[in-house]
S.K.: 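Got a structure for you, written out below as structure tokens; questions coming shortly.
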Amino acid sequence: MKKNNANIRILLVSHDLSLTGAPKVLLWLAKCLLSNSHSVDLWSIRSGALEREFVSLGINPEYVDNEICSIENKFRQVSKRYDLIICNTIVTHKFAKAFQTFRTPVIWYIHESGFLEDSVKLVPELKKVLEGFYNIYTVSDYAKSIIEKYNKNVRVIPNGVEDTFGGFSSFASNVRFGFIGTISDLKGCDILISSFLNLVKIYPDVYLRIAGNLDSDFAKDLIRQTKDCSNIIWLGEVNDVAKDEFFNSIDVLCAPSIYDSCSLSVLEGVMKGKAIITTKTNGAKYVIKDGINGFLISPKDENALFDCMKKIVETFDQLKQRQELSREMYLSYAHIKYQENAVRKMLTDNINNRPPLKISKISNYVYKEKTETHKIYHIGRLKIKIRRKKRS
């Protein structure tokens, strides 16, 4: 019997609950599902700072060992019957594999792009699951182009961000650049620092504000390198009001990541009405009109980043126009309503989309029994009876 998409019982699975992009998207997804009167539970491999956010929604995370047998055993023991499972990121590939044996509809929601390719090379098991999985979603056309190298069965739910726009910031007499996110080489932070230090030599009144966790050795090393430059302001992690204050204090958001499936910070930047500099390998590039509201550069290209920053300073009179267009791009392409509509369609499309079952070649059954007339395969909660051939 087919089920409609009212009051769906959904299990979300996360690799962790840290204050990073993919878990934040999962938190938003949980809020979206709850607001549409669906039932939501959460499993995670590791804990993190977002746990309290889920608990405040009435969702108490359960922690599960990242092993096939542990996953299967726990799922057999749960009393609730789920209508849909959503596994978040490639790190949950063992969950994606295990859940297919239970015949419950499963979505594998993959956020990674370049990191996916690196991981596939290192983890043969991941490559096998990725190539054979029946139902993948991702966050941008760029990420889709990477995943399609291994599996064509992939659809897109583009990321969106909630609208917290409070008006355009008042202009200072100088250009104020900013970065927000994980401070790492993958995010291009070292390239950003080098480019900005060169820019300050020409324009000593420009500023760079950096928001993100400062505890890593990489971040501490950058802070040491820039200790004599008062034009660089290290803020640490910012959230809520502090995040709004960060965006109000900058004119241009820099996101020179080596690769990024769909940067939430870039989407937040255009929502706040900021000019953007990011890379061609960022899935959020669809909100950038190159040379107009921002610039797209090749990853690791320090000279190109410097040139774009210099261009923005030299065309200061065009900054307001760039920012206004960013706001228009957000309203046209990245407003949260587009993601909400895509999620509703995803539920409709998948509520009856069970993993394929090949009876002719059952290799993933939990156990098998024989009677005088039948072989009975037990796959999760499913039993399949196959009549035995009579011996002549």
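Please read these numbers as outputs of a predicted model, since none were measured by experiment.
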S.K.: Determine the interplanar angle of the W43 and F75 rings, folded into 0 to 90°, and report it as parallel if under 30°, tilted if 30 to 60°, perpendicular if over 60°.
M.R.: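 Aromatic pair W43/F75 classed perpendicular.
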S.K.: Does K345 pair with D349 as a salt bridge, N-O distance under 4.0 Å?
M.R.: yes
S.K.: Please say yes or no: joined through hydrophobic side-chain contacts below 4.5 Å, possibly via intermediate residues, are F246 and V241 part of one cluster?
M.R.: no
S.K.: List for me each residue that meets ring-ring contact (aromatic ring centres under 6.0 Å, His included) alongside H111, sequence neighbours excluded, and say none if there are none.
M.R.: Y109
S.K.: Do the charged groups of E117 and K121 touch, with an N to O distance under 4.0 Å?
M.R.: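 The answer is no: the pair does not qualify as a salt bridge.
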S.K.: Checking salt bridge (charged side-chain N to carboxylate O under 4.0 Å, His left out) for the pair R327/D163: CA distance, chi angles, key distance, verdict?
M.R.: CA-CA 10 Å; R327 178 66 185 167; D163 194 354; 2.8 Å; yes
S.K.: Looking only at atom types and distance, does a side-chain atom of N293 sit under 3.5 Å from a main-chain N or O of K289, one as donor and one as acceptor?
M.R.: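 Looks like yes, one N/O pair under 3.5 Å.
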S.K.: Between R209 and D251, does at least one N-O distance fall below 4.0 Å, as a salt bridge requires?
M.R.: no
S.K.: Which is it for I10 and I85 under the side chain to side chain contact (heavy atoms under 4.5 Å, CB included) test, yes or no, and what are the steps along the way?
M.R.: CA-CA 6 Å; I10 301 168; I85 302 169; over 6 Å; no
S.K.: Classify the ring geometry between W108 and F133 as parallel (under 30°), tilted (30 to 60°) or perpendicular (over 60°).
M.R.: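 W108 and F133: perpendicular rings.
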S.K.: Parallel, tilted or perpendicular: which one describes the rings of F165 and F168, with boundaries at 30° and 60°?
M.R.: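 Perpendicular.
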S.K.: May I ask you to decide whether D65 forms a salt bridge with K74, counting only side-chain N to carboxylate O separations under 4.0 Å?
M.R.: no
S.K.: Would Y142 and T281 satisfy side chain to side chain contact (heavy atoms under 4.5 Å, CB included), going step by step from the backbone distance to the final call?
M.R.: CA-CA 7 Å; Y142 168 68; T281 50; 3.5 Å; yes
S.K.: Using a 6.0 Å cut-off, check whether atom CG of D217 has over 12 heavy atoms from anything other than its own residue.
M.R.: no
S.K.: Do W234 and T226 have a side chain donor and acceptor closer than 3.5 Å?
M.R.: yes
S.K.: I'd like to check the salt bridge (charged side-chain N to carboxylate O under 4.0 Å, His left out) partners of K31; sequence neighbours left out, ordered by chain and number.
M.R.: none
S.K.: Please determine whether a side-chain nitrogen of the Lys or Arg among D221 and R224 lies less than 4.0 Å from a carboxylate oxygen of the Asp or Glu.
M.R.: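 Yes, this pair counts.
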S.K.: Do R155 and N135 get their side chains close enough for a donor-acceptor pair, meaning under 3.5 Å?
M.R.: yes
S.K.: Under the rule for side-chain contact (heavy atoms from CB on, under 4.5 Å), what residues qualify as partners of S195, not counting sequence neighbours?
M.R.: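 Here the qualifying residues are I191, E302, L305, F306, M309.
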S.K.: Step through it carefully: locate the ring centre of Y338, locate the ring centre of Y333, and say whether they are under 6.0 Å apart.
M.R.: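 Ring centres of Y333 and Y338 not closer than 6.0 Å.
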S.K.: Would you call E268-K274 a salt bridge at under 4.0 Å N-O?
M.R.: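 No, this pair does not count.
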S.K.: If we count only N and O atoms by modelled type, under 3.5 Å, do the side chains of S169 and R176 hold a donor and an acceptor together?
M.R.: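 The criterion, which ignores hydrogens and geometry beyond distance, is not satisfied for R176 and S169.
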S.K.: Evaluate the criterion side chain to side chain contact (heavy atoms under 4.5 Å, CB included) for residue pair D290 and I292; output intermediate values, then yes/no.
M.R.: CA-CA 6 Å; D290 193 17; I292 303 177; over 6 Å; no
S.K.: Could you go through D118 and Y259, starting from their C-alpha distance and side-chain angles, then the distance that decides it, and tell me whether this counts as side chain to side chain donor-acceptor pair (under 3.5 Å)?
M.R.: CA-CA 12 Å; D118 295 340; Y259 48 73; 3.0 Å; yes
S.K.: Test side chain to side chain contact (heavy atoms under 4.5 Å, CB included) on V25 and N88; report intermediate values, then the result.
M.R.: CA-CA 9 Å; V25 172; N88 201 41; 5.6 Å; no
